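As the structure is a prediction and not an experimental result, all values here were calculated from the model.
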Amino acid sequence: MQESGKLFVVATPIGNLEDITLRAIRVLKGVSLVAAEDTRRTRTLFEAYSISTPLISLYEHNEFKRSRTLMDRLKEGHDVAYVSDAGTPGISDPGFVLIRQALECGIQVIPIPGASACIAALCVSGIPMDSFVFMGFLPARGNRRRELLASLHNESRTMIFYEAPHRLPASLEDIGSAFGNREIVIARELTKLHEEISRGRLQDLLAGLRDRRIKGEITLVIAGREPESRAWSDEDVRSLYFRHREETGLSDRDVVDRIVEETGISRKRVYAIVIAVISENPGPDR
């Protein structure tokens with residue numbers, strides 16, 4: 001029985017043509033066929049790296065039909081690669097249908113990792129990266145966009161969206177209405193000649209965009225909702241004082257420092273409560 005070919009899912013540059021791996025170049029040169037979201041854009045990459053592998057188009061509107069054709073090639077033993085316009089295939093780009101069909105046919109699917117705009121923006125955002133959610137493009141229709149944002153009001157993870165430049169001001173207004181004046185990053189034209197990364201509070205960045213004609217591809221990174229601050233009572237502080245004195249043996253000054261760090265309460269208030277506790281409970285060890 002003839003062994004099936006392999007499907008390689010290859011990430012390509014999102015702007016700067018140097019952002020491609022040596023492995024990706026080797027794979028693109030070595031497969032029998034490369035399916036591309038836009039063959040014209042992919043030829044620019046191929047010319048830069050002297051890649052002569054035949055190209056075939058696979059984009060949103062022909063993905064089902066073309067995927068079936070590629071399954072036949074793979075079953076015949078030919079290795080095939082898929083690339084989208086830019087970045088990692090399937091991330092707000094075609095590719096899912098092809099990959100799903102390949103897996104259902106028992107075809108081995110191999111990732112060739114590389115550039116991704118959402119990860120590139122996140123890693124330089126200065127916003128927490130330990131937990132995040134990528135939501136793709138915001139809905140184009142205002143009512144659907146506002147519904148989605150409202151559903152994410154309590155999302156504590158960092159959120160990443162793509163947006164078209166002509167919709168950016170309206171989307172930022174809706175984000176502000178849903179989330180308040182959150183910390184946000186607007187990454188525009190990542191890795192390209194006119195790359196611009198703006199960081200700050202939403203209202204400040206929005207004000208700076210009002211008189212500008214915005215161009216290029218946009219990635220938004222938005223801070224998640226911060227947990228509600230606990231309301232610490234005087235009795236809570238007194239309990240913390242006694243616990244830290246008993247368990248750690250720290251001096252009163254160090255206990256004050258510990259409570260301020262733990263609760264976020266002002267030093268002045270903690271100090272006043274501790275002084276009151278000491279006056280009520282004098283002892284030779286203080």
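Proximity of Arg66 to Tyr59: side-chain heavy atoms (C-beta onward) are nowhere separated by under 4.5 Å. Put simply, the side chain of Phe134 reaches to within 4.5 Å of the side chain of Ile91, judged on heavy atoms. In this structure, the side chains of Gln108 and Ser4 stay at 4.5 Å or more apart for every pair of heavy atoms. Looking at Val31 and Lys6, their side chains never come closer than 4.5 Å, going by heavy atoms from C-beta outward. With contacts defined as side-chain heavy-atom distances shorter than 4.5 Å, the pair Leu149/Phe179 qualifies. For the pair Leu152 and Ile222, the minimum side-chain heavy-atom distance is 4.5 Å or more. Two residues are said to be in side-chain contact when any heavy atoms from C-beta on lie closer than 4.5 Å; Val34 and Val10 fail this criterion. Using a 4.5 Å heavy-atom cutoff, the side chains of Arg146 and Ser177 are not in contact.
Judged purely by distance below 3.5 Å, without hydrogens or angles, the side chains of Gln101 and Ser67 never pair a donor atom with an acceptor atom. For the residue pair Ser233 / Asp236, a side-chain donor-acceptor distance below 3.5 Å is found, with atom types taken as modelled.
In this structure, the separation between CZ on Arg253 and OH on Tyr271 is 7.5 Å, given to the nearest 0.5 Å. Residue Leu250 holds its CG atom at 10.5 Å from OH of Tyr241, rounded to the nearest 0.5 Å. In this structure, the separation between SG on Cys105 and CE on Met71 is 6.0 Å, given to the nearest 0.5 Å. For the atom pair CG (Leu190) and CD1 (Ile218), the distance works out to 9.0 Å, reported to the nearest 0.5 Å. Residue Tyr162 holds its OH atom at 6.0 Å from OG of Ser92, rounded to the nearest 0.5 Å. Rounded to the nearest 0.5 angstrom, His78 NE2 and Arg73 CZ are separated by 5.0 Å.
No more than 12 heavy atoms of other residues, nucleotides or ligands lie within 6.0 Å of CD in Glu217, so this atom counts as exposed by the packing criterion. Within a 6.0 Å radius of CZ in Arg210, other residues, nucleotides and ligands contribute more than 12 heavy atoms. Taking a 6.0 Å sphere around OH of Tyr49, one finds it holds more than 12 heavy atoms contributed by other residues, nucleotides or ligands. Crowding of Phe132 atom CZ: a count of heavy atoms from other residues, nucleotides or ligands under 6.0 Å not exceeding 12. Atom NZ of Lys215 has 12 or fewer neighbouring heavy atoms from other residues, nucleotides or ligands inside a 6.0 Å radius. Dense packing is recorded around CZ of Arg243, with more than 12 heavy atoms of other residues, nucleotides or ligands lying under 6.0 Å away. Remark: Glu104 CD is packed, more than 12 non-hydrogen atoms of other residues, nucleotides or ligands lying under 6.0 Å away.
Between the side chain of Arg201 and the main chain of Asn181, a donor-acceptor pair closer than 3.5 Å is present. Listed for the Glu63 side chain is a donor-acceptor partner under 3.5 Å among the backbone atoms of Gly95. Under a 3.5 Å cut-off, the side chain of Glu37 and the backbone N or O of Asp85 do form a donor-acceptor pair. For Thr158 (side chain) and Pro128 (main-chain N/O), a donor-acceptor pair under 3.5 Å exists by modelled atom type. Looking at Lys192, its side chain does come within 3.5 Å of a backbone N or O of Ile14 through a donor-acceptor pair. Checked by atom type and distance alone, the side chain of Ser116 never pairs as donor or acceptor with a backbone atom of Thr88 at under 3.5 Å. Side-chain atoms of Asp79 do not come within 3.5 Å of backbone N or O of Gly5 as any donor-acceptor pair.
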Inset, instruction - May I have the step-by-step check of side chain to side chain contact (heavy atoms under 4.5 Å, CB included) for Thr42 and Ile51, ending in yes or no? - result: CA-CA 10 Å; Thr42 302; Ile51 301 171; over 6 Å; no
Inset, instruction - Check the pair Leu28 / Val83 against side chain to side chain contact (heavy atoms under 4.5 Å, CB included), numbers first and verdict last. - result: CA-CA 9 Å; Leu28 293 173; Val83 298; 4.0 Å; yes
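Taking every heavy atom of both residues into account, Glu163 and Leu220 meet most closely at CB-CD1, 4.4 Å. Nearest approach of Leu70 to Ala35, heavy atoms of both residues: CD1-CB, 3.8 Å. Among all heavy-atom pairs drawn from Glu60 and Pro94, the shortest one is N-CG, 3.7 Å. Scanning both residues, Ala86 and Pro13, for their nearest heavy atoms gives CB-O, 3.3 Å. The shortest non-hydrogen separation linking Thr219 to Ala117 is OG1-CB, 3.9 Å. The two residues Ala11 and Ile20 come nearest to each other via the heavy atoms O-CG1, 4.5 Å.
When Thr53, Leu74, Leu58, Leu98 are each tested for a side-chain contact (heavy atoms from CB on, under 4.5 Å) with Val80, only one passes: Leu74. The one candidate from Asp204, Leu202, Val221 that meets the side-chain contact (heavy atoms from CB on, under 4.5 Å) condition with Ile184 is Leu202.
One finds no salt bridge joining Arg182 and Glu155 here, because no Lys/Arg side-chain nitrogen approaches an Asp/Glu carboxylate oxygen to under 4.0 Å. Here Asp130 does not pair with Arg157 in a salt bridge; the nearest charged N to carboxylate O distance is not below 4.0 Å. With salt bridges taken as basic N to acidic carboxylate O contacts below 4.0 Å, one links Glu235 and Arg238. Ion pair Glu247/Arg258 not flagged as a salt bridge, since none of the NZ, NE, NH1 or NH2 atoms sits closer than 4.0 Å to an Asp/Glu carboxylate oxygen.
No continuous path of ILVMFWY side-chain contacts below 4.5 Å connects Leu205 to Leu122, so the two sit in separate hydrophobic clusters. With hydrophobic clusters built from ILVMFWY side chains whose heavy atoms lie under 4.5 angstrom apart, Val124 does not share a cluster with Phe161. Following chains of ILVMFWY side-chain contacts shorter than 4.5 Å, one cannot reach Ile127 starting from Met159, and the two form parts of different hydrophobic clusters.
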